[in-house]
Protein chains: 2
Amino acid sequence: MKKKATILDVARKANVSSATVSRVVNAQGGVKPETEARIIKAIEELSYVRNAIARSMVRKETKTIGVIVPDITNPFFSQVISGVEEAAIQAGFFPIVTSTREDLLLEQQILTHYLERGIDGLIITTAQENGTHLNEFMKSSIPVVAVDRPLKQYDVDTVLSGNREGAFEAVSHLIEEGFKDIAIIRGPQNTTPGLERYKGYVKALEANGIPVQPDFVCDGDFMQGSGYEQVKNLYSQKRKPDAVFSSNNFMSLGAIRAMRELDWKIGRDIGFAGFDDIEVATFMEPALTVVSRRMKHLGAIAFQYLENRMEKKGESAKREYILSPSLVIRDSSKRLR
Amino acid sequence: MKKKATILDVARKANVSSATVSRVVNAQGGVKPETEARIIKAIEELSYVRNAIARSMVRKETKTIGVIVPDITNPFFSQVISGVEEAAIQAGFFPIVTSTREDLLLEQQILTHYLERGIDGLIITTAQENGTHLNEFMKSSIPVVAVDRPLKQYDVDTVLSGNREGAFEAVSHLIEEGFKDIAIIRGPQNTTPGLERYKGYVKALEANGIPVQPDFVCDGDFMQGSGYEQVKNLYSQKRKPDAVFSSNNFMSLGAIRAMRELDWKIGRDIGFAGFDDIEVATFMEPALTVVSRRMKHLGAIAFQYLENRMEKKGESAKREYILSPSLVIRDSSKRLR
DNA sequence: CTTTAAAATGTAAACGTTTAGATTAAGCGC
DNA sequence: GCGCTTAATCTAAACGTTTACATTTTAAAG
């Protein structure tokens, strides 16, 4: 393949200067129709395509935004990404998404890459909320919005969901249904979702005069394995809970798996509710009661905030958006017969 | 924030020329240790970070690869992506992933964007195998590898899974189990996976002397809705199948949903097997028998092929890799009692 | 046919690197 | 101290755009 045609090649062929070509390529107007026609013809004949790299170089903007999530494989994040993507492309920005697999080092690498490569904005769900690994990036003054996990120490916008509120609703619902000994599988307590959901749990119990049983508070890491283990744990205790609330979708899966193995039957022996919906939930028997979030919407909002920040560069509003989740009641939380 | 420091700022501060700084930044050696120390100090003080855009401009390579999938939300693709990502980053390349939502127009837009922006290679599962929308991109001579859906008309490497083979195995298994009237929910017949899996189905029937019943061949579009509808269809026929083979994970989900609604019970009234595993499958009761593929591996291989092509630019080997799937037998295909 | 304003086009300097090729410095044997 | 070789460093030209600013062309007005 012959080398790519440049704007100069086009200019020569159309007998004009590069400036004029640039003007038509960018649809800036102010060029005589017949000249324009000539240029367009030349562009087609040479199958010229403008070099965005050179363009970015002088423009000092890339029309590109970075998106960092911990796990692209988690339906929650892939939905959020999908929402961001749609909004961004719509607005003429191109999202570059990468997944950190919850690896801090990798996150840092990616950040550095973004810094070198140049992005106009960043949407991030960090692997660690309180790390210092973001410091370097933050120096760049590139607009950032944090999704799902806030970055309190920095001046960034934040898009969250009502974690506490959602958990509160779910647990309250369990209580209403008549469950009393409700265990929770928590997420990491150094993450906002983990902590806040736990708080919601506590609040719901307290509001109903039920003391928090330390034995019923189990720690997980948002991964399937921990949900599994903790249920096995709970089952081995002398006093077993009569319901379980799991703090995220993956742990719910693990929990259910364990219950199956133990023949600890939902609907007969135990009630269940979890945070975050997941396809599976509707296919289980019984179907799972979950706190559900409009994930694509979350992504769209995140982009909207980012765009806003990118437009008015200097100003730092530090906005926060909290999307209320909704409780989807299915069979797993029905009172035991 | 003050503007970014450039290599020249560093050079001035360290009292050397930009060339020398470049050498240390790129670790090319040939610079006196004490000079290097001075430069590194300057870099840190100015918190200089090299501008990849300018770099790409002169180097004419971006160390970036494009990845296009139809649906990032489909676990199959997010796993493949994950595999590509890991391999790419490992090799010093940065993947830029975008999802087309099976939209041809969007795919074209993305391609154009890639062309402008410059990528060193492309991994693609196209939304339409026989479109002409790839022509423009192909002119660029950027290496391409097709995943899951081949691009026969072009000179590209291909990474596939044994579609026919997998379907053949699954259907044969159903037959062995004693099912006779096996229906298939096909994928689009203008896509390789859709067509090939159907062929596998036919082959398995024929190998066992079972005629293909036109009434048992249903057309779907790989989306949940079509699986759902086709099962309802099948159920309404005078002569119902005693087993269903679904051509992909999403349609399986829809199919199962319909069966539930109809109280057409797997294990009692009907047998089931599907192509592609999905988390859900193991959580269903009964658990689903599926053709499973090592998706991350598929992604890793794809990158490997791409890297190979990127290295030796000119040569066009046109290689093809076919990953054999494996049949995971669970309860849904058990002989009816 | 001038004059003058507006429209169209051209010129050339940036943008921040990399990299041949040129130049200078350093080290060594005598 | 003089060549000579090798190491270290520098110079300056790319790379392909965009864009102020300058220049030319065109059209309208007189």
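Predicted model only: the values in this text are computed from it and were never measured.
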Trainee: To the nearest Å, how far apart are Asp9(A) CG and dG16(D) P?
Mentor: 9 Å
Trainee: Whole angstroms only, please: what is the CD-P distance between Glu116(A) and dG16(C)?
Mentor: 15 Å
Trainee: Is it the case that the side chain of Asp9(B) and the backbone of Thr6(B) share a donor-acceptor pair, with hydrogens and angles ignored and the cut-off at 3.5 Å?
Mentor: yes
Trainee: Distance alone, cut at 3.5 Å: any donor-acceptor contact between the side chains of Asp71(A) and Ser99(A)?
Mentor: no
Trainee: Send over the distance from Met57(A) CE to dC15(D) C1', rounded to a whole Å.
Mentor: 8 Å
Trainee: Counting just side-chain N and O atoms, does Lys4(B) come under 4.0 Å of either OP1 or OP2 of dG16(C)?
Mentor: no
Trainee: Classify the side-chain pair His133(A)/Gln128(A) by whether it contains a donor and acceptor separated by less than 3.5 Å.
Mentor: no
Trainee: Nearest-Å distance, CD (Glu36(A)) to P (dA7(C))?
Mentor: 17 Å
Trainee: Round to the nearest Å and state the distance from Lys32(B) atom NZ to dA8(D) atom C1'.
Mentor: 7 Å
Trainee: Does Arg117(A) make a cation-pi contact with Phe94(B), if we ask for NZ or CZ under 6.0 Å from the ring centre and within 45° of the axis?
Mentor: no
Trainee: Closest to the Ser17(B) side chain: dG10(C), dG16(D), dT11(D)?
Mentor: dT11(D)
Trainee: Which part of the nucleic acid, if any, lies within reach of Ser56(B) when heavy atoms closer than 4.0 Å are counted: base, sugar-phosphate only, or nothing?
Mentor: nothing
Trainee: Whether Arg59(B) and Asp120(B) form a salt bridge (side-chain N of Lys/Arg under 4.0 Å from carboxylate O of Asp/Glu) is what I want to check.
Mentor: no
Trainee: Is the shortest distance from a Lys or Arg side-chain nitrogen in Arg55(B) or Glu116(A) to a carboxylate oxygen in the other one below 4.0 Å?
Mentor: no
Trainee: If you restrict it to nitrogen or oxygen atoms, what contacts under 3.5 Å exist between nucleotides 17-21 of chain D and the protein, and what is each distance?
Mentor:
residue, atom, partner, partner atom, Å
dT17(D), OP1, Tyr48(A), OH, 3.0
dT17(D), OP1, Asn51(A), N, 3.4
dT17(D), OP2, Ile7(A), N, 2.6
dT17(D), O5', Tyr48(A), OH, 3.2
dT18(D), OP1, Asn26(A), OD1, 3.4
dT18(D), OP1, Asn26(A), ND2, 3.3
dT18(D), OP1, Arg55(A), NE, 2.8
dT18(D), OP2, Ser22(A), OG, 2.6
dT19(D), OP1, Arg59(A), NE, 3.2

